[in-house]
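So that the names make sense, note that chain A is the first sequence line, chain B the second, and so on, each numbered from 1.
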Number of protein chains: 4
Amino acid sequence: MRAVTFQAPGEVRVGTVSDPVLREPTDAIVRVTLSAVCGSDLHIYNGRFPRVPPGAILGHEFLGRVEEVGSDVTRVSPGMRVVASFFSWCGTCAACLAGQMSQCQHLETFGFGQLAGAQAERVRVPRADTTLVPVPDALADEAAVMAGDILSTAFFAAERAGIRPGDTVAVVGAGPVGLLAIQCAALYSPVAILALDRVDERLRLAASFGARPVPADADATAAVRSYTAGKGASAVIEAVGSRESLNLAIALAAPFGTVSAAGVFAERDLPVDMARLFNRDLTLRSGLGNVPAVIGRVMALTVAGRLQPQRIVSHRMPLDEAEEAYRRFDRREALKILLMP
Amino acid sequence: MRAVTFQAPGEVRVGTVSDPVLREPTDAIVRVTLSAVCGSDLHIYNGRFPRVPPGAILGHEFLGRVEEVGSDVTRVSPGMRVVASFFSWCGTCAACLAGQMSQCQHLETFGFGQLAGAQAERVRVPRADTTLVPVPDALADEAAVMAGDILSTAFFAAERAGIRPGDTVAVVGAGPVGLLAIQCAALYSPVAILALDRVDERLRLAASFGARPVPADADATAAVRSYTAGKGASAVIEAVGSRESLNLAIALAAPFGTVSAAGVFAERDLPVDMARLFNRDLTLRSGLGNVPAVIGRVMALTVAGRLQPQRIVSHRMPLDEAEEAYRRFDRREALKILLMP
Amino acid sequence: MRAVTFQAPGEVRVGTVSDPVLREPTDAIVRVTLSAVCGSDLHIYNGRFPRVPPGAILGHEFLGRVEEVGSDVTRVSPGMRVVASFFSWCGTCAACLAGQMSQCQHLETFGFGQLAGAQAERVRVPRADTTLVPVPDALADEAAVMAGDILSTAFFAAERAGIRPGDTVAVVGAGPVGLLAIQCAALYSPVAILALDRVDERLRLAASFGARPVPADADATAAVRSYTAGKGASAVIEAVGSRESLNLAIALAAPFGTVSAAGVFAERDLPVDMARLFNRDLTLRSGLGNVPAVIGRVMALTVAGRLQPQRIVSHRMPLDEAEEAYRRFDRREALKILLMP
Amino acid sequence: MRAVTFQAPGEVRVGTVSDPVLREPTDAIVRVTLSAVCGSDLHIYNGRFPRVPPGAILGHEFLGRVEEVGSDVTRVSPGMRVVASFFSWCGTCAACLAGQMSQCQHLETFGFGQLAGAQAERVRVPRADTTLVPVPDALADEAAVMAGDILSTAFFAAERAGIRPGDTVAVVGAGPVGLLAIQCAALYSPVAILALDRVDERLRLAASFGARPVPADADATAAVRSYTAGKGASAVIEAVGSRESLNLAIALAAPFGTVSAAGVFAERDLPVDMARLFNRDLTLRSGLGNVPAVIGRVMALTVAGRLQPQRIVSHRMPLDEAEEAYRRFDRREALKILLMP
């Protein structure tokens, strides 16, 4: 089958690899319909995740149809349209029973060198009964594909931000995650969502989603303070994953506020403004999205039109053009790319 | 009157200064009975708080009797035994009405160069009706003096750690704050409290408070993981305020756990292990103790014998020996010093 | 001045009474612009609140301008447009400091025989600094008048229902409180709000507010179960205050769900389906609306257009026509009546 | 094998019945070591649960050793010492995945006519992988047997009461559930636990567990108000399950307090003081104990000595004396009886 593999920093390749086969009776094989390119794929592409070996099939955000199931699989069957969380989870360990599936003791992620990824024609899904989720008929492919990672991650970060109706929220970064975080924050009816980014085009998009655009320049903190009568935003969602964005988020938070980071952090010694966390009684939360805990809500809200993830899709490209897709995404010429095997 | 003033890094002086007088009708003058030396006094002593000017009277943790009140003071009267939170607060701003008094819009702290401190014979207390709290008869002076800062701060940090009965808790640092944090964490009935410190004597004290001592050396993380079957502590209280202690606390936290920092942080760019916060879905909280919100509970629990702050008092010294007191505290020869004017 | 007084069950009277005067230095006199007739006024009218004596001036939901203030009033001044919570509160007792102003130890309600009511040209407001809230310029009179009781009560009940995005909510009763509860529940982005009432016209109104109408007949429970795939509504807001409505609300709740009652209950022995509360692990909450804790949010959300209380106003009548207003409201010919002195 | 069966109101019989056999590959057969008589067994005995048919084997609180397992059972194996929750649950339905196992869509209870009970030599346990929990070696049989129902139910009720350190708690009823509720409430460090009962002996027992005894007579409410300076108890645990006890619990609650009912309620129209729930902003919670969610904590706390359920055991009797055991328990001559097959 055709698949996208990581080769070296700055290089991915579309090529032919052997088809996946069932290994365990709890496995399923899914024929991929759509596979998205995610911001964390870019981290791999740029060599920030050195654990991903050359040759690894990429892709962890995908939608497809079940093609084959192992003998112990009971909840999904061939022909079903399904989405997977970006990791496989067991459902029976202590973490899973506590609802913390993103910390499953048997967690395996797709497309990071652990499980083969889904930017491919087919993908093997371990523990299919828990990992695969049937997609409601009313949910379009282009929306559903994002439920398995980016949309659920944004929802999880918004949920952890503790937004109450009437609050003012700030979202730092109006890329794909940030734009979806704006949608998710809006579910809690803040009176305003301030979107910060350096790129005008992204601020325009944020505005089209109902946020108030604020250029992420030297005046950003002053602008947010001015808008909030000096107080700051009671909830801030960080959606970039850099030192600058995190500390900007901290600077924007109101006393006793929460900074909920949706960005990917790989640094073990990132400088953080602890003085401000201390002086303002702040809470900082980061994390992998606990996708299985929220994916049902996320899909129901999308069916109901309250979330519109499809609005961030900028490109649909054949899987065979994945090399070009990565280049464009890396140059920030694309917001969200869907690959079609 | 006699008072302790900051002079220069490494130098405090006991001398004679003019007595405080009522300035506003909402002020009170308190004759100080006991005044503690706090860890943050040591930050001033060591020049870490450059905003404290030479000549400032130190001391923000104190107990005394009301001597005189302004014409608008209605809730306290001369002769009452009182303790103050380490800051004066208004009770009427938006922050106070939301129960976030440590972020009062009119907050003024004692002993940091803003309000004159209480390592003195008398101290002026603005907004006495809110700032001063009557001490129950059943509460001994040596316990009550700590309710205004260190004990309430430890309680607040433990409360924000989200401990549930049956959890395992780690406390990083077994100095005065850490020892009281152990007492406060115990209020939530964890099955174990692991106390980490480098100093044997402090670990012995921690053990006498019911904690399990763990040397804070290179093996500390492995020891805690081993004790918790690989999982880590679901709640960690950081009680030092340094880069090392904070990152040790983060390393000890179980997935979805909380690190609640009780230490004082003055750094605007402290390196933090964000990769772990991200990979483990952690929550990090820091903050000034919201003393007025908890001081009533803290005093009731002390009267009931559930908290025993007096057990950390190592020295009682006359106010006139404050210079020696600071030197000893700085050399870590004293755990908690009470000054008697 | 002209004022509406209770005379006997089924009889109110508009007449001339003496003007209120300042009694305490913390009082204010407010010239009333609008005064609403509330469902609890109907309880008085129908003799269900026997403590309200003949001659008592009615009205506890009002808007006006400050006319005169006592010498200790500092936060409001003559000319300001203000709304009051339906009760006067002190802001300094233990309940108020804990944010539980509806349980203020010095609480006095307007228009129930304790404080003179505001269906009058003027009203005396004790403790004006806490009880009166300035109205933002952008907020119209007809919306603002409801912030002091019915809208904040609906918001408080919705808040206590614990709605999460993606839930299904049921609201029992589509009268004035129920319609506003629908608006408030919508702030949390449930995927559906099922509105139950016996009156077609009210169901049509509920539908115009985005709810799904369900006739409150013998099939209501089955209809809600069917809509929720057998599960029931995870949050139910009761907005009537009767035995039937409360038990219907309990019948509709999903396992581990919450029934939040916004209705007024005066019965000390109302039969409740405890077997269902037990078998389904339910939570039942009732209460006076904690207006002061939410009125700021409620007004901000109304300015932002997220709440539209003015949409329930059905009649505007001169104060002198109050007798007719009560008759119409009692016959359910009016949804929400505003009286104009 | 020998087993206790329900015959008619007031009559149980010990007799010989056929041994259970594996029916599903997910079943296990457990040889019973200890089986407790629970308060809800008394409801059956007294005919309050008409659904339990004559001939049904009783008993839902038990401990034993796995004797045989079906082919799909992977987490327990013959020889293991285990306790079961009082119901069998699936672990894979929506309710279970949300952590609400007591509302499992496939829930089956032991000993109520659905699944054969465990007051017998052997019992069949469906879905053994989830329903059975291995008992730590350090936990004595007599303590462990209560983890599957009464102790976990008391813990769950205490957890839902929302107790904070420094609160005052009231427990209505000092029978077996109430005594364990006192132990569980103590885990949250209230400053006082007031225990109410009509029976002196039970009040003495409550006192020996650290509670303050209060006779549940006409003066009880006044006594609790007096003890709490007029305020009431911020959390009240109801541990009887009657009209009187529930309304007494409601009468004792402080404003904004919670009444958490641990008692069994079978009435569909129990008169409740809704006026007080309304006037005091109260929360009332009832429910089946969500045993699987808490049993791990409960066992760990018992091992740690923080819970001591074995202290309520009053009688150990051979299974063959069960008829006498029920009579004694019904006459309140026994507090907690353990039957030994």
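- Judged by distance alone, with hydrogens and angles left aside, the side-chain atoms of D:Thr131 form a donor-acceptor pair with the main-chain N or O of D:Arg127 at under 3.5 Å.
- Of the listed residues (C:Ala98, C:Ala95, C:Gly241, C:Ser102), the greatest number of heavy-atom pairs within a distance under 4.5 Å of chain D belongs to C:Ser102.
- Interface check for chain C: of the options D:Asp281, D:Thr283, D:Leu277, D:Asn247, the most heavy-atom pairs under 4.5 Å are formed by D:Asp281.
- A distance of 8.5 Å separates CE of D:Met101 from CZ of D:Phe87, quoted to the nearest 0.5 Å.
- If you tally non-hydrogen atom pairs under 4.5 Å between each of C:Asp269, C:Asn290, C:Ile250, C:Asn279 and chain D, the highest count goes to C:Asp269.
- Interface remark: C:Val259 contributes no atoms to any contact with chain D (heavy atom separation under 4.5 Å).
- Residue with the most contacts toward chain D among C:Arg285, C:Arg280, C:Arg243, C:Arg268: C:Arg268 (heavy-atom pairs, distance under 4.5 Å).
- Ion pairing of D:Glu267 with C:Arg276 is absent here, as no side-chain N (NZ or NE/NH1/NH2) approaches a carboxylate O to less than 4.0 Å.
- Judged purely by atom type and a 3.5 angstrom limit, D:Arg160 uses its side chain to pair as donor or acceptor with the backbone of D:Ser286.
- The one candidate from C:Cys90, C:Pro126, C:Cys96 that meets the side-chain contact (heavy atoms from CB on, under 4.5 Å) condition with C:His106 is C:Cys90.
- Residue D:Leu282 touches chain C through its backbone alone, counting heavy-atom pairs closer than 4.5 Å.
- Of the two parts of D:Ala261, neither the backbone nor the side chain holds a non-hydrogen atom closer than 4.5 Å to a non-hydrogen atom of chain C.
- If you take CZ on C:Phe49 and CG on C:Leu42, they are separated by 10.5 Å, rounding to the nearest 0.5 Å.
- Per-residue heavy-atom pair counts under 4.5 Å with chain C were compared for D:Lys231, D:Gln105, D:Gln103, and the maximum is reached by D:Gln103.
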